[in-house]
Amino acid sequence: MHRRKMSARSVFDGAVFMSSEMKLLEDFKRDSHPDKVNLAGREYVGEHGHTTWLPLVRKIKQQIATDLTLTPEYPPILGIPEFTRRATELALGKDSPAIVESRVFGVQTVGCTGAVRLGAELLRSCCCSNSSWSGPILLSSPCDDSLLGTFKAAGIEDVQHYRYWDAESNGVCVENMVHDLENAPERSVVVLFASGHSPTGAELSQEDWKRLAEVMVTRQLFPFFLMSAQGLCSGSLKQDAWPVRHCVSLGLELLCAQSFSHNFGLYGERVGHLLCVLKQNLLAVQSQAEKLVQTLWSCPPMEGARVVTTVLNNPAHLVEWQESVKAIAERCMLIRERLRERLRLLGGPWHWDHIIKPGGLYCCFGLNTQQVEFLVQKKHIYVLPNGCLNVSAINSRNLDYVAESIHQALSSQL
Amino acid sequence: MSIFGEVPQAAPVAVFKLTADFREDQNPSKVNLGVGAYRTDECQPWVLPVVRKVEKMIADDHSLNHEYLPILGLPEFRSSASKIALGADSPAIKENRVGAVQCLGGTGALKIGAEFLRRWYNGTDNTKTPVYVSAPTWENHNAVFSNAGFEEIRPYKYWDAGKRGLDLEGFLGDLESAPDHSIFVLHACAHNPTGTDPTQDQWKQIADVMKRKSLFAFFDSAYQGFASGNLDKDAWAVRYFVSQGFELFCAQSFSKNFGLYNERVGNLTVVAEDQDNLNRVLSQMEKIVRITWSNPPSQGARLVAITLNTPELFAEWKDNVKTMADRVLLMRAQLKEKLKALGTPGTWEHITEQIGMFSFTGLNPKQVEYMVKEKHIYLMASGRINMCGLTTKNIDYVAESIHEAVTTVQ
C-alpha cells in the first residue's frame, strides 16, 4: 500500500535550481530555423556535421566485442598498465629522461576532467599532510567555470589568476603572463595549456614557452598542464607536446592531464590520463593517488582505453591514427583561413590574423554579450557565452552565413 | 623541496593485497575467497551470454553517435535502471518524483550522492551532519563520505558476532540516539561483508524509527538479483521505504548483476517529495558531475539500457542472474553440509541463512591466518569469504581446511 504525507516539506527544499550547461545545446535542438548552426559544441565534427570515428577504431571495437579472451574483471585502480605506459610515452616521448629515470607514473582517468580532478585532489592532499605547501593554484584569465569548479570541489581554496587573453590584441599578452608568474608565490601550481587553451584557443610560441619555463624554474613553480587535444593544434603529436617535454627536460616536476576524446573521437568513452613527473617519493604519491581514485570512481572504464592501447601498441595502427589526427588539424586550419578570407572580403576596420594564428578547435572573437545574443537570437548561430566558437562546425554549407553574421554582429555596435 | 616530498605512503587496501598475495602463491591447491567478483564452477570470470550478445549488437550498430553523453547520463539507461530498483509500476515514478544520475559504478553513485548531501541536504553545509555506516561495512564507504567533506562518520551496530546474526536491538538503539536528520547508509540486500539482512519485519521497525527522527536513507544496492535470484525480492527494502513516503537515494551498481565490473555502470536513483524538488536536485547534481568526471562513459550504460528495454533480452538477463545466484546458493548449501558431515564444532546455519556473495564465517584472525598460511586459502581477516570462490572441485578442500582451523587453532 502506498501512503504519502501530502503537505510534507522536502529535505531537498534548500537546493537551488541551477541552469543547465546543456541549455544551449537543448535550445539549439529545439530551434527550427533552417540555417541554424551550433558553434558551441565541445566535440570535433567533420564536414558532414557529425562526430566521426576512424574506420580503424570501429574495427578495433568490433574485435573487442568478439574477443573471448577479454574478461570483464575489475581493472587495476590506476588503470590498464599498458595504457598508462603508452599514454605517458605519447606525452613525453619514449626516450624522455623522466621515463628513463623512472620518475613518472600515470593514472588512467575518466576523461580530462577526471584527470584534473584527481590531480587537484592529490595537490589538496599535500596541503593536508605535514608538508609546508599550501597553494596557491594559478589559473588563466579567462578560464572555464568548470575548471575553477573542479579545483574548488577538490578542496583547493587558494585559487588565483594570471593574465592570459588580451582583448586588445585578440591573443595572449605574454608580458603580462610572465609578470604575473614572476610575482606569484614560490611553489605555486600553474595550470597551463598544451594543445590549445580553453576557452579562447589562443596559443603560445615555443619562444614564449621557453621564457615561461625559465620563470618557473627560478620561482620553483609547478606546472599542471592540460593537454586535451594532442596533435589537433599543429597536426603533430610531438609539436603539441613540446611545452610539456621542454619543462621535463629542465628538470621541472609537473602534472599533465591528457584526453583522448578529441584525437580519437572517443568522447563517449571518457578516456583520460593523469601524468605525474616527480623528483622523489614516487611510490608514496602513487599510493595516495590509488586511495583518492577509490573515493571517486574506484577504477576506470575499460572500453575506450582498450581501443587507445590497441592503436598505440601497433606501429601500423599508430601511423594510420597519426594521419587522421593531422587531417583533423589541417581541416581546422583550412576552415580558419577560409573564415578569415570571407571576413576580410566583407570589409570593416577589423584585423583577422588572430583567427589563423592558433590551431585546433576553438577561436575567440572577443564578442560582447549583446553581440553573442544577436548571433544566437537573431541569426540562430550558437556560440559560447564568452564569444568563443568551435571552428570544426563551420563547413562549406554554412561558411558564408557564419561569416556574414559575425560581420553583422561586429558592425551593429559601431 | 618538492610539493609532494612529504606525502606519506598510504596503507594498501586489504582485499587487493590479498589478491596480490594469492597471485604470487605457487601452491597448486590455492583458493581465492577474497575479492567480490563472480566466478563459474571452473573458477573463471563469466561474461553473461546476454552481455556478449548485446556487445556485438552495439559494435555492429553504425548509427550510434560518438558524442559525449549528457552530463547526467544516457536517459534510457537512467529511467530503466531506476525502474529496476523501484519497480516499473512504482507510484513514485508515476508521480514524476523519481530521477537518476548515471554514475561510475556504485562508488560513483555514492560519491555524487554524498557530494550533493554535503552541499544541499539539510541546510547548505552538512560537513558536521553525522553519516552512519554499519559495523562492519564495505571498507570504502568511510572514505567516499569522508572525502566528500563529511567530518563525522560513525558506525551503527549491525553484526552480532556472538549470535552470528543481526544485532537489531543495537541497530535500533543507534538509530534512536542519532541526532535527527543524520544520514544512514543502508545495504539494500546481501549486506557486505556479513551477508546478513534484516527481515521484512525488522526493516519495518528500522523504517519506523528513521521516519520519526527524520533520518535520511541512503541505500547502497550492489547486488540486486544476485542475492535471492529474484530482482523484486531483493528490492523489497528500498520499495518499502518509498511506500512509507521517504525521500531517499539509492546507489545502484550493475557490476555484479551484469558482470560488467570493468565498464563502471552505476545509477544514483533519487526519490524526492515532488517533481519540483527533484528538478532542483538533479540540476545541482549535474553541476557536481561536471566537476568530477564531466560525462559518464557510454559503453556499459548502452549495454544495460538495451538489455533492460528489450523484453527478450531482459528475460535472458534475469535468467543469467538466476544462474549466478543459484550457483552461490548451491555452494552455500554444500559447504554447510560438508562442515556438518565433518562434525566441525559450532553451528553453521549462518552459511545458508546469510545471503549474497559473502559469508561471515565466524573464523577468528588466528584461524584465518592458518587458512592463508598453511592451507593457501585466501580470505579476509574478518573471516569474510566470497562464496563465488568455491567450486565443486575445491569445496571439499575448503571444508576440511575450515574444520582443521576450527579444531586446531584457538
Side-chain angles (χ1 to χ4, degrees), chain A residues 2-5 8 10-12 14-18 20-22 42-43 50-51 53 61-62 65-66 71-75 110-111 113-114 117 126 129-131 133 146 149-150 153 187 222 253 265 267-270 278-281 283-285 287-288 291 294-298 301-303, chain B residues 2-10 37 45 47 55-56 59-60 65-71 91 104-105 107-108 111 120-124 140 143-144 147 216 243-245 247 259-264 272-274 277 279-281 283-284 286-287 290-295 297-300:
Chain A
H2 177 72
R3 292 180 293 144
R4 279 192 57 229
K5 303 169 279 184
S10 165
V11 299
F12 306 126
V16 170
F17 183 78
M18 270 311 292
S20 172
E21 205 184 283
M22 317 251 325
R42 287 165 58 209
E43 296 103 340
H50 308 299
T51 54
W53 275 346
K61 276 184 156 260
Q62 280 169 331
T66 49
T71 65
E73 292 291 272
Y74 282 123
V110 185
T113 300
R117 180 59 184 264
C126 291
S129 66
N130 292 325
S131 100
W133 185 77
S146 59
T150 304
R187 305 210 297 156
F222 187 106
E253 294 187 309
Y267 297 98
E269 304 299 352
R270 314 303 296 122
L278 303 173
K279 284 197 186 84
Q280 55 183 175
N281 211 15
L283 290 178
V285 180
S287 72
Q288 293 296 339
K291 214 172 134 186
Q294 283 173 77
T295 68
L296 293 169
W297 54 70
S298 251
M302 286 292 97
E303 175 75 7
Chain B
S2 166
I3 291 178
F4 290 103
E6 283 155 16
V7 168
Q9 180 83 25
V47 176
E55 259 174 359
K56 197 158 182 313
D60 291 341
N65 77 51
H66 321 301
E67 292 161 12
Y68 288 118
L69 283 186
I71 298 171
L104 276 280
T107 302
K111 171 69 173 173
W120 298 109
Y121 160 55
N122 187 33
T124 52
N140 206 19
V144 171
N147 213 53
F216 187 81
S243 75
Q244 294 302 297
E247 293 179 294
L260 282 174
Y261 307 91
N262 61 345
E263 298 298 354
R264 320 306 300 120
E273 186 67 25
D274 53 46
N277 273 292
N279 289 339
R280 282 185 283 106
V281 171
S283 77
Q284 288 295 347
E286 191 186 275
K287 261 202 89 175
R290 181 71 174 94
I291 43 101
T292 311
W293 54 65
S294 205
N295 320 75
S298 54
Q299 177 72 4

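In what follows, every chain begins at residue 1, and chains take the letters A, B, ... in the order their sequences are listed.
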Return the [atom1] to [atom2] distance between [X] and [Y], rounded to the nearest 0.5 Å.
X      : Y      : atom1 : atom2 : value
A:K279 : B:S2   : NZ    : OG    : 7.0 Å
B:E286 : A:E21  : CD    : CD    : 7.0 Å
B:Y68  : A:E43  : OH    : CD    : 6.5 Å
B:E55  : A:T66  : CD    : OG1   : 9.5 Å
A:K291 : B:Q9   : NZ    : CD    : 11.0 Å
B:N140 : A:T295 : CG    : OG1   : 7.5 Å

Q) Run the side chain to side chain contact (heavy atoms under 4.5 Å, CB included) check on B:R264 and A:S298 step by step: do they pass? A) CA-CA 9 Å; B:R264 320 306 300 120; A:S298 251; 3.3 Å; yes
**Q.** Within 6.0 Å of NZ in A:K61, more than 12 heavy atoms from elsewhere
**A.**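 Enclosed.
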(Q) Do A:E303 and B:P297 have side chains that approach each other closer than 4.5 Å (heavy atoms only, starting at C-beta)? (A)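 When only atoms from C-beta onward are counted, B:P297 and A:E303 do not touch, as no gap falls below 4.5 Å.
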Q.
So A:C126 and B:E6, do their side chains get closer than 4.5 Å, heavy atoms only?
A.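 Contact flag for B:E6/A:C126 side chains = no.
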Q: Give the intermediate values and the outcome of side chain to side chain contact (heavy atoms under 4.5 Å, CB included) for residues A:H50 and B:N65.
A: CA-CA 8 Å; A:H50 308 299; B:N65 77 51; over 6 Å; no
Q. Hey, mind stepping through B:R290 and A:T113 against side chain to side chain contact (heavy atoms under 4.5 Å, CB included) and telling me if it holds?
A. CA-CA 8 Å; B:R290 181 71 174 94; A:T113 300; 4.0 Å; yes
Q | Residues B:N262, A:E73; criterion side chain to side chain donor-acceptor pair (under 3.5 Å); working and verdict | A | CA-CA 6 Å; B:N262 61 345; A:E73 292 291 272; over 6 Å; no
Let me know if [X] has heavy atoms under 4.5 Å from chain A in its side chain, its backbone, both or neither.
X      : value
B:A37  : side chain
B:E247 : side chain
B:K56  : both
B:E67  : both
B:N295 : both

Determine the minimum heavy-atom distance between [X] and [Y], stating which atoms define it.
X      : Y      : result
A:L296 : B:T292 : CD2-CG2, 4.3 Å
A:W297 : B:L104 : CB-CB, 3.6 Å
A:V16  : B:S283 : O-OG, 3.8 Å

Q: Please assess B:Y261 against A:T71 for the test side chain to side chain contact (heavy atoms under 4.5 Å, CB included), listing each intermediate value before the final yes or no.
A: CA-CA 9 Å; B:Y261 307 91; A:T71 65; over 6 Å; no
Q. Looking at A:S287, A:A65, A:G265, which makes the most heavy-atom pairs under 4.5 Å with chain B?
A.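 Option with the greatest count: A:S287.
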Q: Among A:S20, A:G111, A:G14, A:P301, single out the residue with the greatest number of heavy-atom pairs under 4.5 Å to chain B.
A: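 Among A:S20, A:G111, A:G14, A:P301, the one with the most close pairs to chain B is A:P301.
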Contacting moiety of [X], where chain B heavy atoms sit under 4.5 Å:
X      : value
A:E253 : side chain
A:L278 : side chain
A:F12  : both
A:Q280 : side chain
A:S146 : both

Q: For B:S294 and A:R42, test the side chains for any donor-to-acceptor distance below 3.5 angstrom and give the result as yes or no.
A: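 The answer is yes; a qualifying pair exists.
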**Q.** With sequence neighbours excluded, residues passing ring pair (Phe, Tyr, Trp, His ring centres under 6.0 Å) with B:Y121
**A.**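 Residues passing ring pair (Phe, Tyr, Trp, His ring centres under 6.0 Å) with B:Y121: B:F216.
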Q: Could you check which of B:G123, B:P45, B:G108, B:G105 has the highest count of heavy-atom pairs closer than 4.5 Å to chain A?
A: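 Of the options given, most contacts go to B:P45.
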Q | Test item: A:Q288 side-chain N/O and B:P8 main-chain N/O as donor-acceptor pair under 3.5 Å | A |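 Looks like yes, one N/O pair under 3.5 Å.
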**Q.** Plane angle bin for B:H66 and A:W53 - parallel if under 30°, tilted between 30 and 60°, otherwise perpendicular
**A.**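 A:W53 and B:H66: parallel rings.
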